[in-house]
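Written out below as structure tokens is the structure these notes cover.
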Amino acid sequence: MVAVVYWFRKALRLHDNPALIAAAEGASSLYPVYCLDPKTCSRARGAWTNPNRMRFLLESLADLDASLRKLNSRLIVLHGDPVEALPAACKEWSASRLAYELDYEQYSLRRDKAVRSQAEQAGLEVVTRVGHTLVDPEALLLLSRGAPVTSYDKFRGLLAQELKARPVTTLPPPASLPPPGRTAAPHAIPSLEELGLEPMGDAAVIARGGEGAALRAMEAHLRRRDWIASFEKPKTSPTEMLAGGPFDAGAGRSTTVLSPYLTFGCLSSRLLYERVAAVYAEAAPRHSQPPVSLHGQLLWREFYVCCMHATPNYRRMAGNPICRQISWGEDAALVAAWREGRTGYPWIDAAMTQLRREGWIHHLARHAVACFLTRGDLWQSWETGAAVFEEYLLDADEAINFGNWMWLSCSCFFYQYFRCYSPVAFPQKYDKQGAYVRHWLPQLARLPAKYIYEPWKAPIAVQKEAGCIIGVDYPKPIVDHQAAAA
DNA sequence: CTGTAGTTGTCCCC
DNA sequence: GGGGACAACTACAG
Ligand SMILES: Cc1cc2nc3c(=O)[nH]c(=O)nc-3n(C[C@H](O)[C@H](O)[C@H](O)COP(=O)(O)OP(=O)(O)OC[C@H]3O[C@@H](n4cnc5c(N)ncnc54)[C@H](O)[C@@H]3O)c2cc1C
């Protein structure tokens with residue numbers, strides 16, 4: 001009799017889940033658990049303050065539970081610090097094996113070290129597998145001789161080398177699983193209310209959680225073969241929100257919006273990589289290339305994960321060897337205005353509002369608001385911005401988020417700091433009428449297009465006519481972009 | 001040391 | 001909306 005506990009953390013899926021398959025091998029019973037961790041859990045840290053992300057997580061757990069039930073299994077939800085809850089559960093069920101997918105985020109490394117040592121002391125076999133990325137970041141670390149790689153081209157070279165030795169493969173979902181034994185408590189999936197979270201408020205749903213939703217979204221995108229094959233990231237629009245765009249295929253946005261699924265592991269990055277490769281093979285030889293292609297996007301993800309794995313203090317400026325040391329300002333009022341969408345620049349405020357309400361903004365909107373907060377206008381630390389993103393994003397990912405913040409603030413990877421986004425000119429390129437701003441900031445909805453990105457320039461008669469007095473119904477700009485840029 | 005390349009700038013002009 | 005001038009960074013290859 002071999003009782004096994006499989007611990008879901010990321011990889012909230014059955015397809016392409018190597019650690020789950022390894023867990024089940026030779027097991028007579030398998031207890032699939034997820035541990036909701038109110039105090040410390042890195043992913044749930046945001047989830048507990050952000051009902052929208054918790055909503056996404058709970059939907060993902062519900063979907064997982066439903067899929068497990070089709071295999072005569074079920075999801076067992078534990079509460080509390082995993083360092084206590086996991087060993088206790090293993091003991092209760094007399095487990096002899098604990099299995100989980102590796103996770104290289106800072107908090108996870110610490111947590112897993114503690115859980116592993118407890119489990120091993122209790123005589124359990126601990127089984128782990130890589131499943132979140134195309135390659136094992138540890139293998140790439142070897143290829144780069146322990147040094148962080150900060151150039152995409154160099155990274156591509158090393159990655160190609162690693163992929164030659166160990167090509168991308170995927171596993172099908174298990175056809176059957178050993179059943180879990182009886183549990184003393186029901187361990188059911190809680191609701192938002194039961195977790196003490198306010199229901200959604202003014203939050204907007206851009207994507208439903210779960211492996212099923214993830215696979216449907218991926219399939220919907222894959223059917224648009226030309227779009228997949230010709231995808232060029234810098235040419236996609238940050239303001240696109242096509243009305244009636246299919247909800248299952250990115251809700252009418254100009255990129256896939258698969259990021260929350262990849263972050264939570266509802267979707268395997270390797271499966272996506274393979275399926276996109278298959279579209280390329282059909283479209284060959286005419287398809288876009290990294291860094292701008294869809295494959296290129298997955299390589300960026302890989303790039304940051306591997307870079308974080310090789311970098312101490314990756315989340316901070318201090319003590320971070322790849323990060324430029326810059327004396328950022330410390331102005332809480334400016335940061336608060338930025339976070340709450342009160343900068344007086346409609347494009348910035350609309351994007352920050354979308355971020356807060358929807359938990360997703362387009363890559364170039366992330367560029368715009370990150371540039372504005374740091375080197376562009378407010379001169380506030382990228383760490384501050386990254387913390388706000390980490391709280392609000394559905395797709396919050398330590399490696400990608402903190403890495404991109406270093407990029408945008410010209411602290412690492414990218415240094416052309418004179419290439420600065422204008423909060424007025426940039427959105428104009430994509431959305432002359434300002435539909436995006438009107439959607440997220442309805443108080444500006446009736447302003448003429450001429451003033452939509454710089455409403456303080458509207459004559460007072462125009463402001464009255466639009467029912468929006470600048471300084472009363474919408475703030476005056478907190479900084480002068482021209483002056484800040486100079 | 002020099003030359004070059006880097007996902008995703010702005011402004012002006014056709 | 002696309003092309004070129006502008007201004008001008010750093011890392012890394014040679
Ligand atoms: C300041 C800043 C913070 C960011 N924080 C995050 C974050 O916390 N989590 C996150 O997933 N992405 C983050 N990104 C990267 C990028 O903006 C998002 O991945 C992308 O917008 C998600 O939308 P999508 O799934 O439609 O992307 P697509 O263009 O459809 O790309 C497909 C997938 O590739 C990956 N990807 C795309 N762009 C990047 C990139 N630049 N770096 C790494 N991986 C990428 C993502 O997994 C994405 O889902 C950040 C970017 C910036 C500038």
Side-chain angles (χ1 to χ4, degrees), chain A residues 143-145 147-159 227-240 253-257 259 276 280 287-307 310-311 317 320-326 345 347-348 351 360-377 379 382 385 389 399-401 403-433 436 449 453-454 480-486:
Chain A
L143 287 179
S144 71
R145 298 211 201 88
V149 177
T150 59
S151 128
Y152 187 79
D153 282 341
K154 190 169 169 205
F155 176 78
R156 271 188 78 188
L158 296 177
L159 188 81
W227 184 78
I228 295 278
S230 59
F231 185 92
E232 288 184 45
K233 184 66 162 275
K235 291 190 179 159
T236 58
S237 161
T239 60
E240 198 160 297
R253 313 307 159 96
S254 67
T255 56
T256 65
V257 197
S259 52
V276 170
Y280 288 167
H287 63 81
S288 53
Q289 294 291 330
V292 300
S293 64
L294 212 44
H295 262 181
Q297 304 314 300
L298 291 173
L299 299 196
W300 282 111
R301 177 176 184 269
E302 210 73 10
F303 171 79
Y304 288 114
V305 172
C306 291
C307 185
T311 308
M317 177 176 81
N320 179 341
I322 65 171
C323 183
R324 265 177 102 147
Q325 305 298 303
I326 294 169
Y345 287 93
W347 157 239
I348 301 297
W360 185 90
I361 51 178
H362 184 276
H363 185 56
L364 291 176
R366 300 181 199 209
H367 272 229
V369 299
C371 180
F372 188 87
L373 178 72
T374 58
R375 64 193 166 85
D377 294 88
W379 202 256
W382 62 266
F389 268 38
I400 306 177
N401 184 33
N404 271 287
W405 272 97
M406 284 191 261
W407 179 297
L408 262 297
S409 60
C410 292
S411 299
C412 187
F413 312 116
F414 172 83
Y415 303 94
Q416 284 166 277
Y417 56 73
F418 45 85
R419 284 199 188 167
C420 221
Y421 291 92
S422 157
V424 175
F426 185 69
Q428 219 121 61
K429 239 176 10 195
Y430 302 95
D431 186 0
K432 279 260 178 308
Q433 297 305 314
Y436 174 85
Y453 296 115
E454 34 191 358
D480 178 353
H481 174 70
Q482 300 305 331

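Residue numbers start from 1 in every chain, and the chains themselves are labelled A, B, ... in the order their sequence lines are given, proteins ahead of strands.
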Inter-nucleotide [atom1] distance ([N], [M]), Å rounded:
N     : M      : atom1 : result
B:dA5 : C:dA8  : C1'   : 14 Å
B:dT7 : C:dA13 : P     : 14 Å
B:dT8 : C:dC12 : C1'   : 22 Å

(Q) Counting only side-chain heavy atoms from C-beta out, which of C:dC12, C:dA8, B:dT10 sits nearest to A:Ser422? (A) B:dT10
Q: When you get a sec, tell me which of C:dC12, B:dT8, B:dG6 is the closest nucleotide to the side chain of A:Asp153?
A: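 Selected nucleotide: B:dG6.
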(Q) Which label fits A:His287 and A:Tyr280: parallel for a plane angle under 30°, tilted from 30 to 60°, or perpendicular past 60°? (A) parallel
Answer with base, sugar-phosphate or nothing: what part of the nucleic acid does [X] contact at a heavy-atom distance below 4.0 Å?
X        : answer
A:Phe418 : base
A:Gln297 : base
A:Phe414 : nothing

(Q) Between A:Phe372 and A:Phe426 (judged by ring centroids, cut-off 6.0 Å), do the two rings come close enough to count as a pair? (A)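 No, too far apart.
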May I ask which nucleotide in the shown strands pairs with [N], Watson-Crick or G-U wobble, both distances under 3.5 Å?
N      : result
B:dT8  : none
C:dA7  : none
B:dC14 : C:dG1

Q) Think A:Arg324 has a side-chain N or O under 4.0 angstrom from the OP1 or OP2 of C:dT10? A) yes
